[in-house]
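Some notes on the structure that comes next.
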2 protein chains.
Amino acid sequence: MLTIGDLSRRTGVKVPTIRYYEQMGLISEPERSEGNQRRYSKTDMERLAFIRHGRDLGLTIDAIRELISLSQHPDRPCAGADRIAKEHLEDVRIKIAQLKRLEHELERIVSHCDGHSIEDCYVIRALSDHGLCEGEH
Amino acid sequence: MLTIGDLSRRTGVKVPTIRYYEQMGLISEPERSEGNQRRYSKTDMERLAFIRHGRDLGLTIDAIRELISLSQHPDRPCAGADRIAKEHLEDVRIKIAQLKRLEHELERIVSHCDGHSIEDCYVIRALSDHGLCEGEH
DNA sequence: ATATATTGCTCTAGAGACTAGAGCATGATG
DNA sequence: CATCATGCTCTAGTCTCTAGAGCAATATAT
């Protein structure tokens, strides 16, 4: 049996975050010690690692909740889980594309700025005047 | 003189967001009509466009506040503005790199999943077992 | 001139995913 | 047995908005 601190150290999830996940219904309420402290089993730890892993992959709490619920019905078809992962992958790709446009724009702004005073600073000028931008954003 | 709705339409910033920016001190309190409605000048519109543009580029409210303050002292050196933009560019690059690792991981997970039931769904298995991952994340 | 429709006002609360702090209880170590 | 880290609950704060309630002002149509 692990204390919440042990669990935190082993999974890399902070103590308040563990309690938050419990509150959100991602992990079930654990057993308690005589003094009302949480005591976790190995199963609890696996569940938390699952959540942590999903969060690291950028899944939302809701998506993880859905995946947990799916994983508890091993006989059902896995199309649901597949769909969640694919949709998320698509989101990630969109975000990458957005950020690349941004990177490009910022590079241009920064490299153009060789003024010495704010008056002719390209950073400020570019922000003031959208017309100086290359792409749309 | 523009109403808040006009301003919203012309800058693409939603009405409640404009009021929010006012509350945050990014735009100064505008004049009011007899009936206490906000009335905006062209200068206000330019300021709001500046903010909008900065937000589109992913700058935080704080960064924008700093840039506004800089832009009001045209005689000062522009190193500050340059630094803000460069730091942000660096952040953007880091985020792109992170998301690319993620994309890769998700691609792998999704492409491996040809099981038909949750029991052998690679999505679920990958989440349960970090050992199945290629990189660290 | 009046009826209606749209837009505006303030204030409060919610979203998402935590994080921080207060004030007190428990448990492990010397 | 004393001390101190760790645990508990509860509330509030982070950030950038967004939504809704309930009411006031303005614009348009008749």
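A note on names: the letters A, B, ... follow the listed sequences, proteins ahead of strands, and every chain is numbered from 1. These numbers come from a predicted model, not from an experiment.
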- Message: Using only atom types and a distance under 3.5 Å, with no angle test, would you say the side chain of A/Ser71 pairs donor to acceptor with the backbone of B/Ile124?
- Response: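 Here the side-chain-to-backbone pair does not exist.
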I'd like to know if [X] and [Y] make a salt bridge, using a cut-off of under 4.0 Å between side-chain N and carboxylate O.
X: B/Glu46; Y: B/Lys42; result: no
X: B/Arg108; Y: B/Glu105; result: yes
X: A/Arg47; Y: A/Asp44; result: no

Listed pairs under 3.5 Å, donor-acceptor, residues 19-27 of chain B side chains, sequence neighbours left out:
residue	atom	partner	partner atom	Å
B/Glu22	OE1	B/Arg38	NE	2.8

How many whole angstroms separate atom [atom1] of [X] from atom [atom2] of [N]?
X: B/Glu22; N: C/dC11; atom1: CD; atom2: C1'; value: 14 Å
X: B/Arg9; N: C/dT6; atom1: CZ; atom2: P; value: 13 Å
X: A/Ile4; N: D/dT9; atom1: CD1; atom2: P; value: 9 Å
X: B/Arg19; N: C/dG8; atom1: CZ; atom2: P; value: 8 Å
X: A/Glu31; N: D/dC8; atom1: CD; atom2: P; value: 14 Å
X: B/Asp6; N: D/dA27; atom1: CG; atom2: P; value: 10 Å
X: A/Ile18; N: C/dT19; atom1: CD1; atom2: P; value: 12 Å

- Message: OP1 or OP2 of D/dT6 versus the side-chain N and O atoms of A/Thr3: is any pair under 4.0 Å?
- Response: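 No.
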- So, is B/Arg32 close to the C/dT10 phosphate, meaning a side-chain N or O under 4.0 Å from OP1 or OP2?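 For C/dT10, OP1/OP2 do have a side-chain N/O of B/Arg32 under 4.0 Å.
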- Reading nucleotides 12-20 of chain D 5' to 3', which nucleotides get B (base under 4.0 Å from a protein heavy atom), which S (sugar-phosphate only), which -? ----BBS--
With sequence neighbours excluded, residues passing side chain to side chain donor-acceptor pair (under 3.5 Å) with [X]:
X: B/Glu90; value: none
X: A/Arg9; value: A/Asp6
X: A/Asn36; value: none

- In residues 33-43 of chain A, what residues come within less than 4.0 Å of DNA chain C, judged by heavy atoms?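 Heavy-atom cutoff 4.0 Å gives A/Ser33, A/Gly35, A/Gln37.
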- Item | Closest contact, heavy atoms only, B/Gly80 versus B/Leu70 |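 Looking at all heavy atoms of both residues, the closest pair is C-CD1, 3.9 Å.
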